[in-house]
Enquirer: 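Shown below is the structure under consideration.
Chain A is the first sequence line, chain B the second, and so forth, proteins listed ahead of strands; every chain is numbered from 1.
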Amino acid sequence: MSLQYMGLKDINGPLVALEGVSGVAFDEIASIRLDDGTERIGRVVEMQGDRVILQVFEGTNGISLANTRTVFSGKPLEIPLATEMLGRVFSGAGKPIDGLGPVFPEKMGDVNGQALNPVARQYPRNYIHTGISSIDALMTLIRGQKLPIFSGSGLSHNKLAVQIVKQAKLADESGADFAVVFAAMGVQNDVAEYFRRSFEETGAIERVAMFLNLSNDPIIERILTPMCALTAAEYLAYEKNMHILVIMTDMTSYAEALREFSSSKGEIPGRKGYPGYLYSNLAALYERAGVVEGSTGSVTQIPILTMPNDDITHPIPDLTAYITEGQIVFDRDLDQRGIYPGLSVLLSLSRLMKDGIGEGYTRADHSAVSNQLFAAYAKVQDARSLASVIGEEELSENDRKYMEFGRLFEEHFLKQDFDENRTMDETLDLGWDLLCSLPRNELDRIDDKLLDEMYDPEKAKRFTENNAFSEIAAPEEK
Amino acid sequence: MNTIHAINGPVVKVAAAKDFSMLEMVYVGSKRLIGEVIGVSSGFTTIQVYENTAGLKIGEPVIPTGAPVCATLGPGIISNIFDGIQRPLKDMTKLNGVFVAEGSAIPSLDEEREFDVTVTVKAGDKLAGGDVYCTCPETALITHRCMVPPNVSGTVSFAAENGRYKVNDVIIRITLDDGTELPLTMVQKWPIKQSRPVAKRLPISRPLITGQRVIDTICPIAKGGTAAIPGGFGTGKTMTQHQLAKWCDADIIVYIGCGERGNEMTQVLEEFSELIDPKSGRPLTDRTVLIANTSNMPVAAREASIYTGITLAEYYRDMGYHIAIMADSTSRWAEALREISGRLEEMPAEEGFPAYLPSRLSDFYERAGYVETLNGKEGSVTIIGAVSPQGSDFSEPVTQNTKRFVRCFWALDKSLAYARHYPAIDWNNSYSEYLDDLADFYTQNVGGEFMQLRREISNILLEENKLMEIVKLIGADVLPDDQKLSIEIARVVRVGFLQQNAYHKDDTYVPLEKQMLMMKAICKLYKLSLVAIKSGVPISEITALGFFDRLIKMKYDIPNDRPEMFVQCFRQMDEAFRTLSV
């Protein structure tokens, strides 16, 4: 029988303090048994002499100074790991909550994870095909990348995440050993249910491990959720050689939980009240994506976060984008105009894309097309801001062409149906067709040889024809 | 015995200990984690631990080493990759697998590797600090020169024969002035937080040539100078640093990945071993040292990585080399200071950063310089630090304080990056204080017109900046022809000259001579067009000649090694404009 400590010294929010403790290690896990027979889990977060401070994952409701018996486990928090985790649902702390009983562990894994040695990493190069034009062409997702989605409340980030999971396939393989780890932090019941149902409908559920911490679950458990999910992902990827896509939503709730915990610990706050170590803490999660030597698996992360007040300079999106390899940003204006997925192309970026596209990966002209689309769309913004001052009629011929290009680009390239899965060729050809609506000398990012081969103003005609058709067709539909 | 009294993240306290001194290196706990003393009082000694503290227990021992945290200096540093406290990451993978484990006591340098040593002194020679006593080829590009440690002098009592030696073999023995004998191996230690002494600092006079047009011509950096690259995420800080590390004409590059992405370090490792330096025909790794303390590695070691990097650089400078340090990113380093400071419950200044942030930053940047070394050679350390301002706001404390200590400021601009204008260095907000120092070099070595052309290019950009205010309000169509010309020519400068394609074989590095000819072509076109417009030719006719578009593409169309094609271009320009005025 291990040593039990009776009672507590202090309780402060999710933290409890014990005195007279010895032989305890930093970061160790303790179980706190209440008189009513329930058990809670705590983690050592600070030690001073014989005084130990524990962070209680399930919250301190109902705990008094006298009704507890605490036992230290002598180990950091570990969760059982096995391939059979796929298809199962867990709590934020890694306990099964689907009523199917415990997971039979092939191995126990420390949820804290260790830093990957940069020398042992392989540089990610193979792209993941998502079937979404804007992502595939302009912010290509690479296997082993961490590419967050920056969204706002009420935008369609969840729908996009589901579409990515549904359509994602590895470019060079059948996708047989492809699986998804889904971590929900502080999301509403409905949203978690939406994801579960969508996975079920698409048949993906068998290949999904879900870690759910809903918005009414304890906040400390929320801090554990991504750690547990990533521990499972690393096991499946590096030891079982699977390609794992990790979706983490919503990182904003996670960071807020961290702030709450930090303030109850009495730490000195940094920007906007978030703890000074928010960057290191987020990095410890995001850096757990990658491809390592000696394994054919990979961990790819798509964290989703809602920008408070749509502010991209808020500490959470700001620090995230400094760590992740790019970002996919939603634009409220496009969304309101009914364009799904309404991604802000100019704000979005994939840092690893340059080495994962082109000859041998996607198509030789990919980089030229995407650069030119970016540059042209940037000019659209200039033309629009000018038009908002002097009116569209006063614009020069050139600027009017850009205005038209902007409209076509948003209508045909960005906009896509939830079920529409475009191939890379379709996407890039669509890009060419759009570029052909501009005068040839405006295409300064593409070299002449390629232009000779591909540039043909006739290609752009199909948009105007289609438009004419839809103008006629639209009233009939009504 | 001293034991652990309290643990809070990376900060550990020892109660009532008297035998620790400030900045001393200590071993913490039974795993012997490496730590550094950062506070001493009669009650507690405060220690920051460079490794993950999970699993440490109260009551475990803390062992003083009697010395500050030191870098191990000797052959085997170049082409290696270290973590923030100079542990070799490659050797660590052999020992611990793909993850970084705690308490790995691995020697910094390979102790088994043999070098071809030439001993340059003989018994009886008098040596002082900084004198070279043996040399060996470290890589195909770098000859390592072992130097007497700066604070040592005496007479050589024994010198080994030339031959193959390992780094810990004794090469010479010195009888010090007080009669004791000191054996010297090929290795010496130096405290990372202390700068290595030099004979004297020399004035700055030579540019660090980078082959990047916006840097070399608009905001040049000098050898021995300091520069900061601030920019929000996605503006290309890392990309710019990679380009500089690949192409700048320093002898050795120290690349510090401080709190940045793991994949980026992997990329540097891969790319640099594949890329061949055109000057030497050897892979770039032969002249590069990498220090990688990625964002998820322990935060205290992140703080140390900057000091480790600069100490290695100073060591090679003392051998007479020119070193460029890329520190990516100093903001992460400042955040490490903030994090530790928070754990110590120090009174924060701006935005939670400690009040000593400016003094730490100036300590770092002041270690750059062009010097005469103790052994009479010339060497330099150039520091190029990336800054990642929170929320892309340049008024935040790290950017503002850095600005006070650097003389070259390359501000990266979001809107340029969004338009995929790379390098996204904003010519309006960037500056270099080295222009006057370097004017003589450019005039003598590149061409007498260089500085004049540079000024004209700057003026074109300034003029455009002014006109754009009007254009934003009323559009470009209403401007008179000479102002339209200004806007057209400024477009050529921006797209044809400032924009540079890092992925194009010629454009990724452009020699100064071609940079000057490109400027000359633009200025010539401007002058000819201006004369034509004054004589009443409409601008549409001038643009119809096609030279504006041709100059935009000259960076691709004219190879770096064919400057004579510019002469041809100038002639065609003259001819075309002559027909125009007729």
Enquirer: Picking from A:A284, A:A321, A:A378, which has the most non-hydrogen pairs under 4.5 angstrom with chain B?
Expert: A:A321

Enquirer: Report which part of A:R445 has an atom under 4.5 Å of a heavy atom belonging to chain B: side chain, backbone, both, or neither.
Expert: side chain

Enquirer: With respect to chain B, which residue among A:V45, A:N112, A:L347 yields the maximal number of heavy-atom pairs within a distance under 4.5 Å?
Expert: A:L347

Enquirer: Give, as side chain, backbone, both or neither, the part of A:Y277 having an atom under 4.5 angstrom from any heavy atom of chain B.
Expert: both

Enquirer: Side chain, backbone, both or neither: which part of A:V24 has a heavy atom under 4.5 Å from chain B?
Expert: backbone

Enquirer: If I measure from the heavy atoms of chain B, does A:S367 come under 4.5 Å with its side chain, its backbone, both, or neither?
Expert: neither

Enquirer: Classify the ring geometry of B:Y556 against B:H504: parallel below 30°, tilted from 30° to 60°, perpendicular beyond 60°.
Expert: tilted

Enquirer: Atom CZ of B:F548 and atom CG of A:N441: how far apart are they, to the nearest 0.5 Å?
Expert: 13.5 Å

Enquirer: Which region of B:V12, side chain (C-beta onward) or backbone (N, CA, C, O), has a non-hydrogen atom less than 4.5 Å from a non-hydrogen atom of chain A, or is it both or neither?
Expert: neither

Enquirer: Heavy-atom pairs under 4.5 Å with chain B: which of A:G113, A:A283, A:G294 has the most?
Expert: A:A283

Enquirer: Side chain, backbone, both or neither: which part of B:L89 has an atom under 4.5 Å from a heavy atom of chain A?
Expert: both

Enquirer: Under 4.5 Å heavy-atom distance to chain A, tell me which part of B:M297 shows up: side chain, backbone, both or neither.
Expert: both

Enquirer: Among the options B:L290, B:N501, B:T53, pick out the one with the most heavy-atom pairs lying under 4.5 Å from chain A.
Expert: B:T53

Enquirer: Can the ring centroids of A:Y274 and A:H314 be said to lie less than 6.0 angstrom from one another?
Expert: yes

Enquirer: What part of A:R121 gets within 4.5 angstrom of chain B, counting heavy atoms only: side chain, backbone, both, or neither?
Expert: both

Enquirer: Under 4.5 Å heavy-atom distance to chain B, tell me which part of A:I268 shows up: side chain, backbone, both or neither.
Expert: side chain

Enquirer: Can you tell me which portion of A:E293 sits under 4.5 Å from chain B's heavy atoms? Options are side chain, backbone, both or neither.
Expert: backbone

Enquirer: Does any heavy atom of chain B fall under 4.5 Å from the side chain of A:S385, the backbone, both, or neither of them?
Expert: neither

Enquirer: Contact part of B:E346 toward chain A, heavy-atom cut-off under 4.5 Å: side chain, backbone, both or neither?
Expert: backbone

Enquirer: Checking B:P10 against chain A: side chain, backbone, both or neither under 4.5 Å from a heavy atom?
Expert: neither

Enquirer: Side chain, backbone, both or neither: which part of B:T294 has a non-hydrogen atom closer than 4.5 Å to chain A?
Expert: side chain

Enquirer: Which bit of A:K379 is near chain B, if near means a heavy-atom gap under 4.5 Å: side chain, backbone, both or neither?
Expert: neither

